[in-house]
Protein chains: 2
Amino acid sequence: MIRDPKGLVESYPKVPLTVDCVIFGFEENKLKVLLIKSDLEAFSGKLSLLGDIVKHNEELDDAAYRVLKERTGMNDVFLEQVRAFGSPNRHPGGRVITVAYCSLLNIHHHELKIHDNDLHWHSVASLKEMAFDHKEIVDVCYAWLQKRIQEHPLGFNLLPDKFSLRELQNLYEAILNVTLDRRNFRKKFASMDLLIDIDEMEQDVPHRPGKLYKFNFEKYKKSKRKWVGIDF
Amino acid sequence: MIRDPKGLVESYPKVPLTVDCVIFGFEENKLKVLLIKSDLEAFSGKLSLLGDIVKHNEELDDAAYRVLKERTGMNDVFLEQVRAFGSPNRHPGGRVITVAYCSLLNIHHHELKIHDNDLHWHSVASLKEMAFDHKEIVDVCYAWLQKRIQEHPLGFNLLPDKFSLRELQNLYEAILNVTLDRRNFRKKFASMDLLIDIDEMEQDVPHRPGKLYKFNFEKYKKSKRKWVGIDF
DNA sequence: ACAAAAGTGTTCTTATTACACCCATGT
DNA sequence: ACATGGGTGTAATAAGAACACTTTTGT
């Protein structure tokens, strides 16, 4: 029976701990991810995720929100932990454990004010080599997003508050890398009855303007769907 | 531009890192989890997950496999990372980050030889308070399992190699906490065509014996299903 | 003979797919 | 007038849900 938990914990080996944010945005009908250039000479020119060490007494989620806030100036952004990455050799400076977070935001709701390290949006589809194991982390988070967006209303975080059905469909098509039937797509969302018709139209489009909608987060929260279906 | 990654990493704050395994089994038509009694006096009498520190230069997955091997004597057990838990106050001895793993094994394929700390199977449904944040970890892993078992053939890891359709259905009913229609359940698995009829029958049952099946892992691996369906 | 679970089909309902035409707007 | 995407319905198909009786074995 151990009476001195502090002594026990002090005897444990310790490792540096960071969070890395995979911040997705949507622009020009492409899924983008916010990246910087690595400032390690070993990864000179390579792209890197936005990350930071986790501070003493800081919640993991809070560390990730802090990174997000520092880099984008935005609060209240969708953020969820995906998983930890901890291969002993993932960092050239020695072992560093990182906890990866997936974040979704509307690119046009903020401007990148801090352009340190060449902070820019990059198309996910065309990402090549990255620093550390960051390409693997992006791949895992992208797969996570593809799955999640089919089962939860995450996608709306990537769009403006008001959006047209076309924009919504473009979002799904880009993320899932498929083409969807327009009528069936609209029927599907109509049957869910989670879009609010705000009685506004698109402006300044070079064609017939579409209606604009908002997502009914209130109604969604109340609808505790519980369904069971075995399928693999 | 940083030329000395080692110096950089050494400047990072460090925290102790552990893995905790939520080891599920299935017995008497109940989902069970393998637990010990905590050996911290602060949690005297409380139940605890099986965990250990992650060694220097050890992969996270390997650390989890090691815990599993040490406690159950089994190799080749299903194991998957769920997520990291890192609240600053989750351990009374100071901050400890843990990475939670979910593991599935057939209870009857091994005997618990090492009964240190009162190692035993406990019914998941009746778990009360636990040491640390381990109840939360079990809850998260259980929810993870409920979701995963509907989309991937994980459940077979909890059953013997040869099993009857009744056993399979009992497993799904226990984990998902629902009752399923027997005919529809059988039809579903028949249509998947992933069960191998091994032409054997149950033995020593006090009723009409059922046929025994194996799961066709080979065929499953080859069937790269790719479907898209928005539903939330 | 009885208890207990195995095995098996059909109908109904619901969700998914495939598909083509006219409409409103800007240039 | 033309180009561009908005908006809409129906028929066919597939998947899921509901439901009852006969069979086989052990006691």
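Chain letters run A, B, ... following the sequence lines, proteins first and then strands; every chain starts at 1.
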Sorted by chain and number, sequence neighbours left out, salt bridge (charged side-chain N to carboxylate O under 4.0 Å, His left out) with K214(A) holds for none
By side chain to side chain contact (heavy atoms under 4.5 Å, CB included), P153(A) pairs with (sequence neighbours left out) F156(A), F215(A), Y220(A), F232(B)
One would report the end-axis bend of the helix from dA1(C)-dT27(D) to dT27(C)-dA1(D), five pairs per end and rounded to 10 degrees, as 0°
Its 5'-most and 3'-most nucleotides having an atom under 4.0 Å from a non-hydrogen atom of chain B, DNA chain C is contacted over dA4(C) to dT10(C)
Those residues at least two apart in sequence (or on a different chain) that pass salt bridge (charged side-chain N to carboxylate O under 4.0 Å, His left out) with R186(B) are none
Numerically ordered, the residues 167-191 of chain A set in heavy-atom contact under 4.0 Å with DNA chain C is D181(A), R183(A), N184(A), K187(A), K188(A)
Exercise. Quick check: are there more than 12 heavy atoms from other residues, nucleotides or ligands sitting under 6.0 Å from CG of D76(A)?
Worked result: no
Smallest heavy-atom separation, C21(A) atom then L49(A) atom, equals O-CD2, 3.7 Å
What residues 197-216 of chain A contributes to the DNA chain C interface at heavy-atom separation below 4.0 Å is V205(A), P206(A), H207(A), R208(A), P209(A)
In terms of heavy-atom contacts, L105(B) and T72(B) come closest through CD2-CG2, 4.2 Å
R166(A) CZ to dT4(D) C1', in whole Å, measures 10 Å
Sorted by chain and number, sequence neighbours left out, ring-ring contact (aromatic ring centres under 6.0 Å, His included) with F132(A) holds for F43(A), H91(A), H134(A)
Mind listing the N/O atom pairs, protein and nucleotides 12-14 of chain D, below 3.5 Å?
none

Residues passing the ring-ring contact (aromatic ring centres under 6.0 Å, His included) test with H120(A), sequence neighbours excluded, are H115(A)
Correct closest heavy-atom pair for I230(A) and K188(B) would be O-CE, 3.1 Å
Distance col, row L145(B):CG vs L154(B):CG, nearest 0.5 angstrom, shows 6.5 Å
Quick test of your reading of the model: are E202(B) and R166(B) salt-bridged, counting only N-O distances below 4.0 Å? no
Enumerate, atom names and distances included, each donor-acceptor pair closer than 3.5 Å involving a side-chain atom of residues 192-201 of chain A, sequence neighbours excluded.
unit_1  : atom_1 : unit_2  : atom_2 : d
D193(A) : OD2    : K219(A) : NZ     : 2.8
D197(A) : OD1    : D199(A) : N      : 2.8
D197(A) : OD2    : K211(A) : NZ     : 2.7
E200(A) : OE1    : K162(A) : NZ     : 3.2
E200(A) : OE2    : K162(A) : NZ     : 3.0

- Message: Quick test of your reading of the model: are R66(A) and E70(A) salt-bridged, counting only N-O distances below 4.0 Å?
- Response: yes
Shortest non-hydrogen pair, C102(A) vs V82(A), comes out as CB-CG2, 3.7 Å
By salt bridge (charged side-chain N to carboxylate O under 4.0 Å, His left out), K187(B) pairs with (sequence neighbours left out) none
